[in-house]
Colleague: 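Please read through the structure below; I'll follow up with questions.
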Amino acid sequence: MKLALKSDPEEHRVALFVLLLCACIVIGHLLEKSRWINESVTAIFIGLFTGTLILLTTKGRNSRILVFSEELFFIYVLPPIIFNAGFQVKKKQFFRNFLMIMLFGAVGTAISFFIISLGSLHIFKKLDIGFLDVGDYFALGAILSATDSVCTLQVLNQDETPLLYSLVFGEGVVNDATSVVLFKAIQRFDLSHITSSNAIQLLGNFSYLFLMSTLLGVIVGLSSAYIIKKLYFGRHSTDREVALMILMPYLSYMTAELCNLSGILTMFFCGIVMSHYTWHNVTESSRVTTKHTFATLSFVSEIFIFLYVGMDALDIEKWKIVGRRPWTSAGVSLILLGLVLAARAAFVFPLSFISNLTRKSQSDRIGFKQQVTIWWAGLMRGAVSVALAYNQFTRSGYTQLQENAIMITSTITIVLVTNVVFGLLTKPIVRYMLSLHDTPIDATIVAAAADSPVKSLTDVLLSGGEDVEADVRESNIPRPTSLRMLLTTPTHSVHYYWRMFDDRYMRPVFGGRGFVPFIPGSPTEKYIH
């Protein structure tokens, strides 16, 4: 520890941080056998422990090995997490429940955003602790609307609760994308004087960012599929097609940022398109390599962020500033935590009620206990909230502004409380609400899991779950003959007609499962994605 804190500590600091990352992975693996806590909680605890050791070693002068860099977070750390979220989505389940997922992920996030933003603005001013600009309050709403449902997903079993599992994961993915677009749209406007014109412009800017970012991601994803299908690099070198699959998503991200769009949203949809088309156009060895490469980069990036959060929570410089108004900081944290809980409940239960009205089958409806589980799953805050908070409240330097120090500290406190306290309570609460029980693991499942050893936030919907039998069963689903039937069974029909369009027009041009001619070493039908 002393070696890492000398006058020229760059190499020593990096080496120590890499050592801590390895410790998080090993300890997280040992604890995961009982599913007690996940890697994010493990990383936070190790970060807190390391920060304490650094404080003791430096006699209270420092608690961090590395200093936050906005470029590091948004250019190198966050993109792998978002891309893997799109790349590993089980598309069949995602689009079957697409309308419900969008209802919770987009509309629900917007409701949560307004409740947190307007609630904090009203309460802080009423209690005479209002110290932020109006734009900061709205940015705070976007920051705290981004959820992290990894703890709940680790407890849920998609064989026992397929609808709930799909909703929790799908909402989490769309929620992150919506929060980032909201955040980016807010940063473009001066909200010191809110008028109806400003509100309309904000809505228009949000829609523009969402649509154009999505379109750019789709274009880059389709371009990668077409290039690899036509040139087929695997005939000569699998290294080239793997390199192209890694670089194309990053190209989409940087292009979006250069065009002042949302790189996060662009990369997410690029991941969905590439997993649907491009991934099936490469050789078998490249498919295995890319799947595990993307999952590994995402996994390490998440551990990196939570490890940093654990150490930064003890940053002595921020606490000295916050110490001038300790009760204000504590009050802000409690108020924001209460708003997060209330905002989550304000849309989960009403939107579930509305969704149930359109569903005739009892099995397709969301029961009250399932609604509570969805509410609980969205209480944790993760990497996206942390990254956006640093981006918003470090632009002017939190060591010089007391208000920014308080907001950074409050955000980190919420992340710590929701991940550690709520995370540890997730397993008993979810299993009690859904009456779930641990079941013996089938040997075939173990064999399949052995092929994919890397576990992270976004490997919960890997390719193994989409089988050919599901396609056969789907062909026997009765099709809606009226608008009423379309509204009551929208997921089956939307997915069915999309598959017809995809098979007829898209896959013959861009490739995909079943549309790539067999060449030795190329993808075969026994690998289903």
Side-chain angles (χ1 to χ4, degrees), residues 21 24-25 28 38-44 47 68-90 94 105 109 142-143 145-154 168-181 183-184 213 217 221 245-254 256-257 262-272 274-275 290-310 378 380-391 415 419 452 454-462:
L21 288 174
C24 290
I25 295 173
N38 61 348
E39 283 87 355
S40 61
V41 179
T42 304
I44 289 175
F68 170 79
S69 169
E70 181 179 328
E71 291 78 13
L72 176 67
F73 267 63
F74 284 92
I75 297 181
Y76 302 109
V77 178
L78 201 55
I81 299 175
I82 302 300
F83 175 76
N84 194 54
F87 190 79
Q88 304 286 20
V89 163
K90 185 187 289 185
F94 182 85
T109 301
I143 290 169
S145 294
T147 64
D148 185 3
S149 54
V150 60
C151 289
T152 306
L153 288 171
Q154 286 186 336
V168 171
F169 178 80
E171 187 225 338
V173 172
V174 176
N175 165 273
D176 285 344
T178 305
S179 299
V180 171
V181 174
F183 181 81
K184 202 171 185 68
S213 300
M245 284 197 69
I246 295 175
L247 293 175
M248 288 294 282
Y250 199 72
L251 174 64
S252 72
Y253 179 84
M254 297 308 300
E257 292 297 318
S262 173
I264 298 299
L265 190 63
T266 296
M267 208 170 196
F268 169 70
F269 279 98
C270 181
I272 291 180
M274 289 186 66
S275 69
T290 52
K291 184 180 73 171
H292 291 294
T293 298
F294 295 143
T296 302
L297 291 174
S298 173
F299 174 77
V300 173
S301 298
E302 289 176 23
I303 299 300
F304 179 93
I305 290 178
F306 284 108
L307 184 61
Y308 182 87
V309 168
M380 276 69 81
R381 295 299 179 266
V384 175
S385 293
V386 173
L388 295 181
Y390 280 117
N391 177 264
V415 171
N419 277 275
S452 181
V454 180
K455 287 195 174 185
S456 68
L457 168 65
T458 53
D459 71 349
V460 292
L461 295 179
L462 290 176

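Throughout, residue positions are numbered sequentially from 1 according to the sequence presented.
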Colleague: Going by heavy atoms in the side chains, are V181 and S213 under 4.5 Å from each other?
Modeller: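 Result no, sub-4.5 Å side-chain heavy-atom pair not found.
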Colleague: Do you know the tightest heavy-atom contact between P249 and C270?
Modeller: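 Where P249 meets C270 most closely, the heavy atoms are CA-SG, 4.0 Å.
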Colleague: Are the side chains of M274 and F294 in touch, meaning some heavy atoms are under 4.5 Å apart?
Modeller: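 Counting from C-beta outward, M274 and F294 never come under 4.5 Å.
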Colleague: Less than 4.5 Å apart, any side-chain heavy atom of I264 and any of D176?
Modeller: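 Counting from C-beta outward, I264 and D176 never come under 4.5 Å.
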Colleague: Closest heavy-atom contact between A389 and I143?
Modeller: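 Heavy atoms of A389 and I143 come nearest at CA-CD1, 3.7 Å.
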Colleague: Rounded to the nearest 0.5 Å, what's the gap from CZ on F87 to OG1 on T290? Could you check?
Modeller: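 Reported to 0.5 Å precision, the distance equals 4.5 Å.
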Colleague: Ignoring hydrogens and geometry beyond distance, is a side-chain donor-acceptor pair present between N84 and Q88 at under 3.5 Å?
Modeller: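 N84 vs Q88: donor-acceptor pair found between side chains.
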Colleague: So, does S301 use its side chain to make a donor-acceptor pair with the main chain of L78 at under 3.5 Å?
Modeller: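 It does not hold such a pair.
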Colleague: Mind checking the CD1-CD1 spacing from I81 to I305? Nearest 0.5 Å is all I need.
Modeller: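 With rounding to 0.5 Å, CD1 (I81) is 4.0 Å from CD1 (I305).
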Colleague: Give the minimum heavy-atom separation between A146 and S385, together with the two atoms involved.
Modeller: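 For A146 and S385, the tightest heavy-atom pair comes out as O-OG, 3.0 Å.
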Colleague: Less than 4.5 Å apart, any side-chain heavy atom of F183 and any of V384?
Modeller: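 Result no, sub-4.5 Å side-chain heavy-atom pair not found.
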Colleague: Please assess L307 against F304 for the test side-chain contact (heavy atoms from CB on, under 4.5 Å), listing each intermediate value before the final yes or no.
Modeller: CA-CA 5 Å; L307 184 61; F304 179 93; 5.9 Å; no
Colleague: Which pair of heavy atoms, one from T266 and one from A256, lies closest together, and at what distance?
Modeller: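 Taking T266 first and A256 second, the nearest heavy atoms are OG1-CB, 3.4 Å.
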Colleague: Calculate, to the nearest 0.5 Å, the distance between atoms OG and CG belonging to S252 and L265 respectively.
Modeller: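 Here the interatomic distance stands at 10.5 Å.
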Colleague: Measure the spacing between CD1 of I82 and CZ of F268 and express it to the nearest 0.5 Å.
Modeller: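 So the gap between those two atoms works out to 8.5 Å.
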Colleague: Can any side-chain N or O of N175 pair as donor or acceptor with the backbone N or O of T109 at less than 3.5 Å?
Modeller: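 Checked: no pair found.
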Colleague: Using side-chain heavy atoms (C-beta onward) and a distance below 4.5 Å, is R381 in contact with T147?
Modeller: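 A side-chain contact under 4.5 Å exists here.
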Colleague: Please round to the nearest 0.5 Å and tell me the distance separating atom CD1 of I303 and atom OG1 of T42.
Modeller: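 Output value for this atom pair is 7.5 Å.
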Colleague: Please state whether the rings of Y250 and Y76 are parallel, tilted or perpendicular, taking 30° and 60° as the class boundaries.
Modeller: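 Taking Y76 first and then Y250, their aromatic rings lie parallel (interplane angle under 30°).
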Colleague: If every non-hydrogen atom of S298 is compared with every non-hydrogen atom of P80, which pair is closest and at what distance?
Modeller: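 Closest heavy-atom pair between S298 and P80: CB-O, 3.6 Å.
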Colleague: Determine, stepwise, if the pair D148 / F306 fulfils side-chain contact (heavy atoms from CB on, under 4.5 Å).
Modeller: CA-CA 12 Å; D148 185 3; F306 284 108; 3.7 Å; yes
